[in-house]
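Please read these numbers as outputs of a predicted model, since none were measured by experiment.
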Amino acid sequence: MARLSIGILGLTELFVSVTVHLLFGLYIFSAALASDLSQAVTDCLRPNVFNLGAWQREAEGRGQPPVVFEGSPPPIVLVHGIFGFGKGRLGGLSYFAGAEKKDERVLVPDLGSLTSIHDRARELFYYLKGGQVDYGEEHSRISRHSQFGKIYEQGKLKLENRVQIFIYPVLKDHVYSSSLAWHYPSWDERHPLHFVGHSAGVQVVRVLQQMLADKAFSGYDTSEDWVLSLTSLSGALNGTTRAYFDGMRPEDGRFMKPISLLQFCRLGVIIYDWLDISWLKHYYNFGFDHFQMGWRNAGLSGLVDLLLGNTGPFASGDWILPDLTIQGSIRLNSGLQTFPNTFYFSYATKRTRKVFGFTIPSSILGIHPLLFLRVMQMCQWRFPRNAPPPYKGYRDEDWEDNDGALNTISMTHPRLPMEHPNKFVADDSKCHPLQPGIWYYRILEADHIFFIVNRERAGIQFDLLYDSIFQRCRKHIIRNNMPPILPKQSG
């Protein structure tokens, strides 16, 4: 009877989780689509305006690479997390809720929303520097996908898509060619970049920096000093216990449970990619194009193999979730360094508090409905007794504080398998001058998506946070061997 009740409770929780996540995904997608349709109608009704609207004109306007002047301030690169998207996806919706508009030189790359940390890091390099995305021969062989991806040549990535443009009162089918420019071809040690990563985006930058230090990009003489600073916003630096609630097996952190939220996610992604509807994938892409899962390449038999788990990213483990388990993060972190010439700052978030020795959610109305259930569950997480602890000295109570997606202990600084130099600060405006090679960190009262997607939730805190981040990048991060570069003041 006890097992039956636990099984019913588990299935109920699974049903609620699937429903909440599906509704939230549909809400984001429909909100973005409604905004684009409204803009298309407005452009159509406006006299002497080309019918395709501002969205296409902006895409076509990206055909020429940006001009980089000597002495201009380095760009700030905002790197999204899991299920995230960059500029150009989901129409006019901004993953960082418009924070990129606070500075004239901000880049928002679109990386695979579910691809592995390794693959994202490779894509980020070529997005910035140019050339053909090379995932690495050995890695591609093990993961069983194509070694090469998008081609950024002569500053442009040529794409041709057939997109349905909604123009009132009819639906027109239009074929167009768009060009995406490489974004910072002068990137090198003399022209380093600032990075701001949310959630898993932080680990993407850390892996990229290690690749730069290891000169892992053929034909480029790279170094770790190409990264001037890294700011972590709710960063997944040491993994999360949520991965186990969502469906990863705590015994190894590599594979999924047979019945879980992630299994539903897997099925949805496989069908989405196999259908390979070009205009839909242009709107939102999980990033698995190099696995060639579309029906043209895989066929019906390939779909069966994908669904049975014989092929694809979920079979090889080359996707994001294994990297977000505690064990996966330890494997990843074992090869990553904190470099002496790079500045690091981390904002950890939490929505929990202690009451009579118990950890509970700190707020009901302040937690997004998507995350409330997970906040409560993560407070009560206990590693299974039949599973080996993920590391020596592991204690469940250390991992109770969380923001609904990540544990607070994971977000402060790299600490597994070895703790990196770090310093807690109560007020990030009073910690200057910063010293490179040290992870400064601050803990904020917020859930995991408080500072992204919808800026209205955070209100004035949104502006205070991003103003502080951008001001630090522009005025307080200075290497001894390079003069400070301040943006020109208007007026």
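Around the CD1 atom of Ile364, the shell of radius 6.0 Å holds no more than 12 heavy atoms that belong to other residues, nucleotides or ligands. Annotation: Glu251, atom CD; neighbour count of heavy atoms from other residues, nucleotides and ligands within 6.0 Å is above 12. Annotation for Arg254: atom CZ does not count as buried by contact number, only 12 or fewer foreign heavy atoms lying within 6.0 Å. Taking a 6.0 Å sphere around NZ of Lys215, one finds it holds more than 12 heavy atoms contributed by other residues, nucleotides or ligands. Remark: Leu280 CG is packed, more than 12 non-hydrogen atoms of other residues, nucleotides or ligands lying under 6.0 Å away. Heavy-atom contacts from other residues, nucleotides or ligands closer than 6.0 Å to OH of Tyr27 number 12 or fewer. Within a 6.0 Å radius of CZ in Phe264, no more than 12 heavy atoms belonging to other residues, nucleotides or ligands are found. The local environment of CZ in Phe255 is sparse, with at most 12 non-hydrogen atoms from other residues, nucleotides or ligands closer than 6.0 Å.
For Ser186 and His191, the side-chain atoms include no donor-acceptor pair closer than 3.5 Å. There is a side-chain donor-acceptor pair under 3.5 Å between Thr241 and Asn407. Looking at Thr231 and Tyr344, their side chains never bring a donor and an acceptor atom within 3.5 Å of each other. When only modelled atom types and interatomic distance are considered, Gln203 and Asp323 share no side-chain donor-acceptor pair under 3.5 Å. Looking at Glu400 and Thr352, their side chains never bring a donor and an acceptor atom within 3.5 Å of each other. When only modelled atom types and interatomic distance are considered, His139 and Asp318 share a side-chain donor-acceptor pair under 3.5 Å. Counted by atom type alone, Asp119 and His290 present one or more donor-acceptor pairs between their side chains at under 3.5 Å. Asp403 and Thr349 form a side-chain donor-acceptor contact under 3.5 Å, judged by distance and modelled atom types alone.
Within the 3.5 Å criterion, the main-chain N or O of Met411 finds a donor-acceptor partner in the side chain of Ser346. Between the side chain of Gln327 and the main chain of Pro250, a donor-acceptor pair closer than 3.5 Å is present. A donor-acceptor pair under 3.5 Å is formed between the side chain of Thr222 and the backbone N or O of Leu212. Listed for the Ser329 side chain is no donor-acceptor partner under 3.5 Å among the backbone atoms of Ile326. In this structure a side-chain-to-backbone donor-acceptor pair under 3.5 Å is missing from Asn402 to Thr408. Formation of a donor-acceptor pair under 3.5 Å by the Tyr283 side chain with backbone atoms of Leu33 is found in this model. When atom types are taken as modelled, the side chain of Lys87 and the backbone of Leu107 share no donor-acceptor pair closer than 3.5 angstrom. Distance alone, capped at 3.5 Å, places no donor-acceptor pair between the Ser143 side chain and the Ser140 backbone. Remark: side-chain polar atoms of His21 are paired, donor with acceptor, to backbone N or O of Ser17 under 3.5 angstrom. Under a 3.5 Å cut-off, the side chain of Ser410 and the backbone N or O of Asn238 do form a donor-acceptor pair.
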Show, in sequence, the C-alpha distance, side-chain angles and deciding distance for His368 and Asn454, and conclude whether the side chain to side chain contact (heavy atoms under 4.5 Å, CB included) test is met. CA-CA 11 Å; His368 194 282; Asn454 183 3; over 6 Å; no
Please test Ile277 against Trp279 for side chain to side chain contact (heavy atoms under 4.5 Å, CB included), starting from the C-alpha separation and ending with a verdict. CA-CA 6 Å; Ile277 303 173; Trp279 72 267; 3.4 Å; yes
Could you please spell out the steps behind the side chain to side chain contact (heavy atoms under 4.5 Å, CB included) verdict for Leu22 and Thr19? CA-CA 5 Å; Leu22 181 61; Thr19 302; 5.9 Å; no
Derivation and outcome, side chain to side chain contact (heavy atoms under 4.5 Å, CB included), residues Ser113 and Tyr284: CA-CA 9 Å; Ser113 65; Tyr284 185 82; 3.1 Å; yes
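Classification of Arg120 and Glu123 as a salt-bridged pair fails, no side-chain N sitting under 4.0 Å from a carboxylate O. With respect to the salt-bridge test (charged N to carboxylate O, under 4.0 angstrom), the residues Lys281 and Asp289 qualify. Classification of Arg89 and Asp110 as a salt-bridged pair holds, one side-chain N sitting under 4.0 Å from a carboxylate O.
For Trp381 and Trp399, the ring centers are positioned 6.0 Å apart or more. Ring-centre distance between Tyr272 and Phe286: below the 6.0 Å cut-off. Aromatic pair His198/His448: ring centres closer than 6.0 Å.
Residues satisfying the side chain to side chain donor-acceptor pair (under 3.5 Å) criterion with Lys102, sequence neighbours excluded, are Asp463, Asp467.
For the pair Gln210 and Glu224, the minimum side-chain heavy-atom distance is 4.5 Å or more. For the pair Met211 and Arg122, the minimum side-chain heavy-atom distance is below 4.5 Å. With a 4.5 Å cut-off on side-chain heavy atoms, Tyr347 and Ile469 count as touching. In this structure, the side chains of Arg242 and Leu371 come closer than 4.5 Å at one or more pairs of heavy atoms. In this structure, the side chains of Phe245 and Leu373 stay at 4.5 Å or more apart for every pair of heavy atoms. Annotation: side chain of Ile320 is not in contact with side chain of Thr115 (no heavy-atom distance under 4.5 Å). Annotation: side chain of His194 is not in contact with side chain of Val77 (no heavy-atom distance under 4.5 Å). Side chains of Leu303 and Trp295 form no contact here, defined as non-hydrogen atoms less than 4.5 Å apart.
Among Ile409, Leu332, Ile330, the single residue meeting the side-chain contact (heavy atoms from CB on, under 4.5 Å) criterion with Leu416 is Ile330. Under the side chain to side chain donor-acceptor pair (under 3.5 Å) test applied with Asp246, the options Lys257, Gln263, Arg374 reduce to a single match, Arg374.
Here the straight-line distance linking atom OG of Ser116 with atom CH2 of Trp319 works out to 11.5 Å at 0.5 Å rounding. Atom CD1 in Ile151 sits 4.0 Å away from atom CD in Gln132 (nearest 0.5 Å). Note that the CD1 atom of Ile449 and the OG atom of Ser234 stand 10.5 Å from one another [nearest 0.5 Å]. Taken to the nearest 0.5 Å, the CD atom of Glu13 stands 10.0 Å off from the OG atom of Ser260. With values rounded to the nearest 0.5 angstrom, Arg457 atom CZ is found 12.5 Å from Phe462 atom CZ. With values rounded to the nearest 0.5 angstrom, His80 atom NE2 is found 8.5 Å from Phe85 atom CZ.
Of all heavy-atom pairs spanning Ala446 and Phe451, the tightest one is CB-CE1, 3.8 Å. Contact between Leu406 and Met378 at its shortest, heavy atoms only, is C-CE, 3.7 Å.
Using cut-offs of 30° and 60° on the angle between ring planes, the pair Tyr466 and Phe96 is perpendicular. Below 30°, between 30° and 60°, or above 60°: for Tyr127 and His183 the angle between ring planes is below 30°, a parallel geometry.
In this structure, Arg351 satisfies the cation-pi test against Phe450, with its NZ or CZ atom closer than 6.0 Å to the six-membered ring centre and inside 45 degrees of the ring normal.
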